[in-house]
Amino acid sequence: MPHAGDIKTSSGYPEKDANAVTWWQNKTVLITGGLGFIGSNLAIRLVELGAQVTLIDSLIPDYGGNLFNINGLEKAVHVNLSDIRDRFSMEVLLQNKRVIFNLAGQTSHMDSMRDPQTDLAINGAAQLSLLEQCRAVNPTARIVFASTRQIYGRPQYLPVDEDHPVNPVDVNGINKLSAELYHRLYQNVYGLSTRILRLTNTIGPRMRIRDARQTFLGIWICQLLAGEPIDVWGGEQLRDFNDVDDVVDALLIAGQNGQLDPFPYNLGSSETITLLDLARMLVTIYGKGDVNIRSFPADRKKIDIGDYHSSFARYQEATGWQPRRSLAHTLERTLAYYAEHRDHYL
Ligand SMILES: NC(=O)c1ccc[n+]([C@@H]2O[C@H](COP(=O)([O-])OP(=O)(O)OC[C@H]3O[C@@H](n4cnc5c(N)ncnc54)[C@H](O)[C@@H]3O)[C@@H](O)[C@H]2O)c1
């Protein structure tokens with residue numbers, strides 16, 4: 001659904017584009033999962049752009065939400081500690097928002113296998129309920145949904161583009177796919193303005209590092225900072241990584257671009273690397289440390305997707321977005337962040 005003053009062409013980047021800066025000024029924005037890794041980085045940028053930002057987060061301890069993620073920003077954002085499964089809270093919070101970044105989710109693949117019902121409740125049922133309530137109380141909002149590369153399962157070819165068949169290998173991938181389909185259905189049938197980005201591995205400051213629930217890179221950083229060797233399972237798997245700032249750019253573009261087609265778009269990077277080389281790169285940047293190669297635990301092997309990297313050509317063509325931060329730069333700034341703030345993440 002078009003908004004007044006929408007940016008109608010490939011808009012480029014918010015900080016370079018005067019129209020985009022103006023577009024976000026005083027816009028009412030809701031971020032579900034706003035105290036999490038990506039949500040908080042997005043919130044910081046939106047505040048800089050002059051938006052009025054509300055964050056919803058349940059702060060369930062096993063997930064990535066952390067109040068320290070908005071350290072210094074407390075007075076600039078509204079924080080509501082609610083659960084997106086609570087439809088009575090959501091009904092109120094969804095009202096009068098121009099853009100809703102829908103990022104709340106259970107993100108651990110292993111947890112989705114151990115506790116599939118919770119994953120279904122948050123990543124499936126609550127997503128449907130959010131769309132139903134939007135339809136009722138805020139049908140003109142623009143909704144940007146953070147989907148995942150996990151929906152593709154084991155790649156049949158590389159790089160994986162949006163035409164690749166979807167075949168999730170775990171409960172999380174199935175539920176995220178269902179959420180994507182709900183967002184598309186509500187666009188097609190009810191005209192809700194939904195946009196879907198399929199994120200690849202995203203890294204940077206404010207991610208969960210206490211364990212490997214969000215990303216294995218978190219636990220690697222913990223090991224490195226604690227002077228322990230990094231445990232790499234397998235190591236030969238190929239991956240691509242996006243700096244969280246590049247993902248924030250992509251989300252902002254999806255929120256502001258008035259002419260974006262409703263299909264799902266991959267994010268991704270053409271800078272691919274094996275996990276072993278990634279661990280070695282981390283050690284080199286840190287200046288010390290060791291890497292241990294371990295064989296894959298059987299339960300993880302079953303849901304591992306092997307080599308993966310994305311084609312982001314469709315999103316690049318539609319909007320001009322492309323990753324601008326190198327992997328080395330991202331690892332460097334991420335390590336620096338945790339060297340300073342590790343205690344808030346353990
Ligand atoms: N980080 C990645 O590499 C990556 C990759 C693909 C997709 N994604 C998607 O991006 C989104 C954000 O991921 P993230 O990496 O920032 O993870 P995160 O865990 O840091 O953020 C998710 C946030 O959602 C909150 N949340 C979870 N359940 C909730 C509920 N029921 N009600 C309210 N809040 C709830 C958590 O507390 C957390 O703060 C997720 O939907 C995830 O599936 C992330």
Side-chain angles (χ1 to χ4, degrees), residues 30-44 54-70 79-87 89-90 93-94 101-109 111-112 115 117-127 129-130 143-152 168 170-180 183 196-218 239-244 246-248 250-251 254 264-269 305 308 310 330 334 345:
L30 181 70
I31 307 177
T32 74
L35 293 175
F37 163 43
I38 299 171
S40 59
N41 281 284
L42 175 63
I44 291 166
T54 302
L55 312 178
I56 298 178
D57 208 290
S58 58
L59 283 184
I60 296 168
D62 282 348
Y63 304 165
N66 187 335
L67 275 171
F68 187 75
N69 282 344
I70 56 157
V79 177
N80 196 297
L81 297 183
S82 290
D83 195 302
I84 56 163
R85 289 169 289 183
D86 176 355
R87 68 187 183 88
S89 299
M90 291 302 289
L93 291 164
L94 289 168
F101 289 100
N102 186 14
L103 310 185
Q106 193 299 108
T107 63
S108 159
H109 303 295
D111 285 358
S112 82
D115 181 5
Q117 296 294 351
T118 299
D119 196 89
L120 175 62
I122 296 174
N123 289 331
Q127 303 298 323
S129 157
L130 183 148
I143 305 168
V144 182
F145 175 63
S147 184
T148 170
R149 61 136 170 85
Q150 195 67 8
I151 65 164
Y152 293 115
D170 57 32
V171 167
N172 182 262
I174 291 175
N175 292 329
K176 290 293 283 190
L177 177 59
S178 74
E180 229 199 77
H183 281 77
I196 297 158
L197 298 182
R198 293 176 175 164
L199 277 50
T200 189
N201 305 285
T202 304
I203 54 177
R206 301 179 183 79
M207 63 191 182
R208 181 181 174 99
I209 59 164
R210 187 178 306 162
D211 50 36
R213 279 198 159 87
Q214 189 176 76
T215 164
F216 55 85
L217 200 86
R239 288 285 185 277
D240 60 349
F241 295 87
N242 276 145
D243 188 300
V244 68
D246 282 323
V247 172
V248 167
L251 289 164
Y265 293 95
N266 283 348
L267 303 187
S269 168
I305 59 165
Y308 179 91
S310 301
T330 304
T334 305
Y345 291 87

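Counting convention: from 1, in listed order, for ligands and their atoms alike. Since we're looking at a predicted model, the values are computed, not measured.
- The protein non-hydrogen atom at the shortest distance from atom 31 (N) of ligand 1 is D83 OD1, 2.8 Å.
- Residue contact annotation: S82 has a non-hydrogen atom under 4.0 Å from ligand 1.
- Close approach to T202 involves these atoms of ligand 1, each under 4.0 Å from a residue heavy atom: 1 (N), 2 (C), 3 (O).
- The shortest N/O to N/O separation between Q106 and ligand 1 does not fall below 3.5 Å.
- Side chains of S178 and N175: no donor on one and acceptor on the other come within 3.5 Å.
- Looking only at heavy atoms of the protein, atom 41 (O) of ligand 1 is closest to K176 NZ, 2.8 Å.
- Residues Q127 and N102 have side chains that bring a donor and an acceptor to within less than 3.5 angstrom of each other.
- Polar contact check, L199 against ligand 1: no nitrogen or oxygen pair lies under 3.5 Å apart.
- Heavy-atom proximity to R85, at under 4.0 Å, picks out these atoms of ligand 1: 31 (N).
- In summary, the atoms of ligand 1 found under 4.0 Å from a heavy atom of Y63, numbered by their order in the structure, are 27 (C), 28 (N), 36 (C), 37 (O).
- Considering backbone and side-chain N/O atoms, I56 never comes within less than 3.5 Å of an N/O atom of ligand 1.
- The contact set between ligand 1 and I122, taken as ligand atoms under 4.0 Å from a residue heavy atom, comprises 28 (N), 31 (N).
- Remark: minimum distance from atom 17 (O) of ligand 1 to any protein heavy atom is reached at Q214 NE2, 3.1 Å.
- D240 and T200 share a side-chain donor-acceptor pair at under 3.5 Å.
- Inspection of the S269 and N242 side chains reveals no N or O donor paired with an N or O acceptor under 3.5 Å.
- Between F216 and F241, the ring-plane angle classifies as perpendicular under the 30° and 60° cut-offs.
- Put simply, the side chain of N41 gets close to the backbone of F37: a donor and an acceptor are under 3.5 Å apart.
- At the shortest separation from atom 10 (O) of ligand 1 among protein heavy atoms lies A146 CB, 3.5 Å.
- Under 4.0 Å from ligand 1, the heavy atoms of L35 that appear belong solely to its backbone.
- In this structure, atom 16 (O) of ligand 1 lies nearest to the protein heavy atom I38 N, 2.9 Å.
- Within the 4.0 Å heavy-atom criterion, the part of N201 lying near ligand 1 is the backbone and not the side chain.
- A donor atom on one side chain and an acceptor atom on the other are not found under 3.5 Å apart for N266 and S310.
- Side chain to side chain, Q106 and D119 meet the donor-acceptor criterion of an N or O pair below 3.5 Å.
- Remark: minimum distance from atom 11 (C) of ligand 1 to any protein heavy atom is reached at L103 O, 3.2 Å.
- Ligand-side atoms of ligand 1 in range of S147: 6 (C), 7 (C), range being under 4.0 angstrom from any heavy atom.
- With ligand atoms numbered from 1 in the order given, ligand 1 contributes 24 (O), 34 (N), 35 (C) to contacts under 4.0 Å with heavy atoms of A104.
- Nearest to atom 36 (C) of ligand 1 by heavy atom, out of T148, D57, V247, I84, is D57.
- A cation-pi geometry, defined here as NZ or CZ lying under 6.0 Å from the six-membered ring centre and within 45° of its normal, does not hold between R198 and Y265.
- In the vicinity of T200, heavy-atom distances shorter than 4.0 Å reach the ligand 1 atoms 3 (O), 5 (C).
- With hydrogens and angles disregarded, a donor-acceptor distance shorter than 3.5 Å links the side chain of T334 to the backbone of T330.
- Looking only at protein heavy atoms, the nearest one to atom 19 (O) of ligand 1 is G64 N, 3.0 Å.
- By the 3.5 Å distance cut-off applied to N or O atoms, R149 is not counted among the residues near ligand 1.
- A perpendicular orientation is assigned to the rings of F68 and Y345, their planes being inclined by more than 60° (bins at 30° and 60°).
- In terms of N/O distances under 3.5 Å, ligand 1 is approached by G65.
- Those atoms of ligand 1 with a heavy atom of G33 less than 4.0 angstrom away are 23 (C), 24 (O), 25 (C).
- Shortest contact from atom 29 (C) of ligand 1 to any protein heavy atom: S58 OG, 3.2 Å.
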